[in-house]
Amino acid sequence: QVDVTVASRLAVIDVRKGKGHALRTLASSTKDLGEWDQIKVPIHSIQSLASEILWHGEDVFVHEPNDLQQYIVDQLHALVANHE
């Protein structure tokens with residue numbers, strides 16, 4: 001039985017204005033930071049969210065959670081290692 005009272009974890013991500021449209025559609029909230037917006041996105045899968053984030057390159061910055069940040073760093077290290 002699934003406990004529906006437990007909220008999904010949220011990722012806190014800064015997205016450059018005018019960028020990250022696919023990420024923005026997933027956002028449960030948006031906060032204007034000037035050149036950037038800070039969005040909160042429910043995490044259903046670290047891997048799928050990381051893939052979406054990586055697609056947007058330097059137009060996104062992940063603040064939390066730490067395991068999402070680390071997964072992205074690991075993916076970038078693997079990418080570099082595969083192209084050396």
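Basis for what follows: all heavy atoms, side chains included, without hydrogens, waters or symmetry-related copies.
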If you compare all heavy atoms of [X] against all heavy atoms of [Y], which two are closest, and at what distance to 0.1 Å?
X: A11; Y: P65; value: CA-CD, 3.9 Å
X: A27; Y: T30; value: CB-OG1, 4.2 Å
X: E64; Y: Q69; value: N-NE2, 4.5 Å

Check which hydrophobic residues are tied to L68 through side-chain heavy-atom contacts below 4.5 Å, counting indirect links as well, and list them.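 Its cluster partners, ordered by chain and number, are I13, V15, L23, L26, I39, V41, I43, I46, L49, I53, L54, V60, V62, Y71, I72, L76.
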Verify whether one side chain among Q70 and N66 offers a donor that lies under 3.5 Å from an acceptor in the other.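 Checked: Q70/N66 side chains show no N/O donor-acceptor pair below 3.5 Å.
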Measuring from S29:OG to Q38:CD, what's the distance to the nearest 0.5 Å?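 It is 8.0 Å, given to the nearest 0.5 Å.
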From H56 NE2 over to H21 NE2, what is the distance, rounded to the nearest 0.5 angstrom?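 H56 atom NE2 to H21 atom NE2 measures 8.5 Å (nearest 0.5 Å).
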Qualifying salt bridge (charged side-chain N to carboxylate O under 4.0 Å, His left out) pairs, either residue in residues 16-31, two or more places apart: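 Residue pairs passing salt bridge (charged side-chain N to carboxylate O under 4.0 Å, His left out), neighbours aside: R16-E35, R16-D59, K17-D32, K17-D37, R24-D37.
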